[in-house]
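Chain identifiers are assigned alphabetically (A, B, ...) following the order of the sequence lines, protein sequences preceding nucleic acid strands; residue numbering begins at 1 within each chain.
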There are 2 protein chains.
Amino acid sequence: VVQRRSFVTGGAAVTAAAVSAPAISQNRRKWRFVTAWPKNLPGLGTGAQYFVDAVNRAAGGRLTLELFAAGEIVPPFETLGAVASGTVEAGHSAPAYWKGKVAASGFLANFPFGLTAQEHNAWYYYGDGKALSDEVYDALGVKYFLAGNTGVQMGGWFKQPVNSVADLRNRKVRFIAMAGEVYKRLGATVVTLSGSEIVAALASGALDGLKWNNPYGEAAMGFWRYAKYYYHPGWQDPTTSMDIMINKKEWDSLPNDLKAIVEYCAASANAAMLNEFTANNAPHLEVFVKKHGVILSQFPDSLLIEFANATGEVVSALANEDPLSRKVFQSMLKWRGQQTTWTNMSERSFMIARGLSYKFPTA
Amino acid sequence: VVQRRSFVTGGAAVTAAAVSAPAISQNRRKWRFVTAWPKNLPGLGTGAQYFVDAVNRAAGGRLTLELFAAGEIVPPFETLGAVASGTVEAGHSAPAYWKGKVAASGFLANFPFGLTAQEHNAWYYYGDGKALSDEVYDALGVKYFLAGNTGVQMGGWFKQPVNSVADLRNRKVRFIAMAGEVYKRLGATVVTLSGSEIVAALASGALDGLKWNNPYGEAAMGFWRYAKYYYHPGWQDPTTSMDIMINKKEWDSLPNDLKAIVEYCAASANAAMLNEFTANNAPHLEVFVKKHGVILSQFPDSLLIEFANATGEVVSALANEDPLSRKVFQSMLKWRGQQTTWTNMSERSFMIARGLSYKFPTA
C-alpha cells in the first residue's frame, strides 16, 4: 500500500492501492543538475542553487533536482556535453563557455559596449532573443533558458594605473573572449588562465591586470592584495548572461505544468541573480575602499574610445564568421540602437540627475 | 467515476473511484483576481495578465485565477478592501493607491530621486524590503508580493518649455503623491484628476502638464496631440512598483507547493513588467519623435536641483508622520546611499561610456 501526498485531497488522505509503486515513482522525476561553478560561488553558484530550490519547492516532489558543483560529476566545460548526451538531465553554466562549439553563443553571453542586463532581458523575453537563443542551443543539442545576469561588471584590477593605450602595451592581462581580443589589438599580452589560477598569477607578477566579474563575485578572491587600481566602467561586460541547459528528451517528456514550473522558476532565477549581485556589490565595494585601500579608478574617455573602436572591429569580424552569428549579432545590434535612445533618456538621465548636489535626508 | 489528470501517472490512467467528487473539487481552487487596470492596459493590465497566465499554467488546474478588469467586480480603489474582506481572493494594484490607509505604502511605491527598479528589487529580495513590505501589507490586511516595476519614467508632457521654477508658477499640472507635493512647493497649481479625465483636461487647457508613466504606457493616450514637450529625466518616478494582494485566509490555506508557485510566478511577473516596458518604450519613443513631432526635452540641472531640494523636504515630512513610514523610509534611504555608489560606478558609468563617439557597426 502506497500513500502519497498527491493523493491527499481536501485534507483527506486516500489510500490508492490500485496504483502500482513503479507508476508513482515514474511520476516522481529526479534530475541531476550539474553546474560549472563551485558550490555557492557568490552570484553564480548561489544563482544555480536558487533555481534548484525553486523547482523543488514548486513541483512538490514531482520533479526533484539535485545540484552538483563543478567537478562532482563533470568538470565545468563538460557540463553541456553531459546534458546533451543524457549523462545528466540538466545543468547551469554560461553561453560564453560554448562559443568554441557554436560561435553565436558568444554573442548570447554579451558583447563589449553592448546590452545591459535590462536591455538583454527585454530582448530575450519581449524581442527576438528567445527564438534566437533557442536556435543557438538547438544547435548545441539542449533546451535553453536564460538564467542569470551579472549586471554591469567592473573593468578590472590593475597593478599600475591605466590611462592610455601606451599603458597597456606589453602588460600581461587576463581578459577572455572578445575583451581579450580587444586588449590584444591594443598591444597587451593576453594570458590564458583558468579562474583557479588567476590569484596566484597576479601575486607572482605573471599578471599585471585581470577581471573576474564584480565586487561581490571578486571579494573572496582578494585581488586587492596584489592590485590596488580597481577600474570602471566595465565596458567589456555590460552584463554576462548564464544558461540553464536541459536534456531535450527529458524536457519533451515533462507534462505541461512541470514545463511551466521550470520556465517560471528559470525566469525568477534570472532576475534573482542580478538582484543578488546588485544587493551585494555595494557593501563589498565599500569594504574594498574603506578597509583594503583599493583605489577606485575610471578609464579616461580617450582610452574608452580606443577600447570601443577596437571592439567594433572585433565584433564585426566575429559576426561575419558564420550565418548564425551574424543573425544573432544583427538582432542584438538593432536592439542596442533602439534601446540606447530610451536607456539614455530614462536610466542614464535619472542616474545623472540623482548625482547632482542638493539637500536630501541621509540615513 | 471521476477521472482526473492528476491521477494519470507514468502514462497510465488510473480510475479512482474511491475519491469523492467534492474532495477533488476542493483541491481545484478558483480565485477571482481583480485588478486596478483596464484589461490589457499596456504594462499594468498586461503585467497582471502575465501573473494569472503563469499561475494557471504552472498549477495545472489545482489553482485557477480568473482576471477581472477594473470595475468588473470592484472599482480600482476598492480592490484592496475586496481582497482583505474575502469578497474576492486576490488582486493586482499599486502600493501608491493605499497610502491613505497605511502611509508607509507610499514609500513602497517609490520616492522622487529614490531607488531605480533594479535597486528596489535588490532591496526587496536581498535586503530588508520583503520584511518591511510584509509589515506594511499586514497592516493593510492582505498578503503581499512585489509584482511589477515601471522602470524610470518620463518627466511628463508640457504645453510650454519648462526651464526654471518661474516656468512652473501657476501652471496647472497633474502630478500625484510626493511629486504633486513638490510641484506645489514650487508654485504650480496641482489638479487632482483620475486617469480617465486627464486627456480631456489637457485638450481643453484645464491642464498645462501631466505625466502617466512612460512611452509604452502613454502611447494610446495621445498626449502628444496637446503637449509637444516631452521631458526627462523622470526624477519623480525612478520606478513605480506594483503589488499582488492575496486574502490572508486563502493564502494560509494553500499547500506549500502552490505557495511556492505563487511566489515564483510573482517574482517572474515582477521582472516581466519591467522587461515589457523596456522593450516597448524604445519603439514608441521613436514614433513620438519621428511621426508626431514630439520635442524631447531635458530639465536643466538648475531646475532638477530645485526639484530635489523640495523633494528632500517633502519626504522628510512624510517620513516623520508615523513610525512605520519612518522605518520603511530609513531602510530605503540607507539602501539608496550604498547602492548609488555602486550604480554610479556600474550602470551609469557604462551608459555614459557607451554614449561616447567611436566607430561601431550599425544594424
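With respect to chain B, the highest number of heavy-atom pairs below 4.5 Å among A:A117, A:A319, A:G114 belongs to A:G114. Top candidate by heavy-atom pairs under 4.5 Å with chain A, chosen from B:V262, B:T341, B:T340, B:L296, is B:T340. Ranked by non-hydrogen atom pairs under 4.5 Å with chain A, the options B:K259, B:Q338, B:K359, B:K334 are led by B:Q338. With respect to chain A, the highest number of heavy-atom pairs below 4.5 Å among B:C265, B:P238, B:G155 belongs to B:P238. Between chain A and the residues B:D301, B:L304, B:T311, the largest count of heavy-atom pairs under 4.5 Å involves B:D301. If you tally non-hydrogen atom pairs under 4.5 Å between each of A:G127, A:G312, A:A271, A:A269 and chain B, the highest count goes to A:G312. Heavy-atom pairs under 4.5 Å with chain A were tallied for B:G234, B:P283, B:A353; the largest tally goes to B:P283. Of all the listed residues (A:A59, A:G355, A:P215, A:G337), the one sharing the greatest number of non-hydrogen pairs under 4.5 Å with chain B is A:P215. Of the listed residues (B:G151, B:A54, B:S316), the one with the most heavy-atom contacts under 4.5 Å to chain A is B:A54. For the set A:T362, A:N344, A:N280, A:N270, the count of heavy-atom pairs under 4.5 angstrom toward chain B peaks at A:T362. For the set A:H284, A:R336, A:Q298, the entry with the most heavy-atom pairs within less than 4.5 Å of chain B is A:R336.
For chain B, the nearby part of A:E286 is the side chain; its heavy atoms alone come within less than 4.5 Å. For chain B, no part of A:T239 is nearby; none of its heavy atoms comes within less than 4.5 Å. At a 4.5 Å heavy-atom cutoff, the contact between A:E263 and chain B is made by side-chain atoms alone. Contacts between A:Y125 and chain B at a heavy-atom distance below 4.5 Å involve the side chain alone, from C-beta outward. Using a 4.5 Å cut-off between heavy atoms, A:W335 touches chain B through its side chain atoms alone. Residue contact with chain B, scored on non-hydrogen atoms closer than 4.5 Å, involves the backbone and the side chain of A:I261 alike. Using a 4.5 Å cut-off between heavy atoms, A:I305 contacts chain B through both its backbone and its side chain.
No donor-acceptor pair under 3.5 Å is formed between the side chain of A:N309 and the backbone N or O of B:Y358. Here the side chain of A:Q339 pairs a donor or acceptor atom with the backbone of B:T278 at under 3.5 angstrom. Between the B:S268 side chain and the A:A267 main chain, no donor and acceptor come within less than 3.5 Å of each other.
Using a 4.5 Å heavy-atom threshold, the side chains of B:N256 and A:R57 count as separate. Residues B:N281 and A:S346 are not in side-chain contact: their nearest non-hydrogen atoms beyond the backbone lie 4.5 Å or more apart. Using a 4.5 Å cut-off on side-chain heavy atoms (C-beta onward), A:V315 and B:P361 make contact. Two residues are said to be in side-chain contact when any heavy atoms from C-beta on lie closer than 4.5 Å; B:L274 and A:Q118 meet this criterion. In this structure the side chain of B:M154 reaches within 4.5 angstrom of the side chain of A:W342, judged on heavy atoms. Residues B:Y230 and A:M345 have side chains not in contact (no heavy-atom distance under 4.5 Å, counting atoms from C-beta outward). At least one side-chain heavy atom of B:Y50 sits less than 4.5 Å from a side-chain heavy atom of A:Y264.
To the nearest 0.5 Å, atom CZ of residue B:F350 and atom OG1 of residue A:T343 are 9.5 Å apart.
Qualifying salt bridge (Lys or Arg N to Asp or Glu O under 4.0 Å) partners for A:E119, counting only residues two or more places apart in sequence or in other chains: B:R354. Scanning for side-chain hydrogen bond (donor to acceptor under 3.5 Å, both in side chains) contacts around B:Y124 gives an empty result, with sequence neighbours left out.
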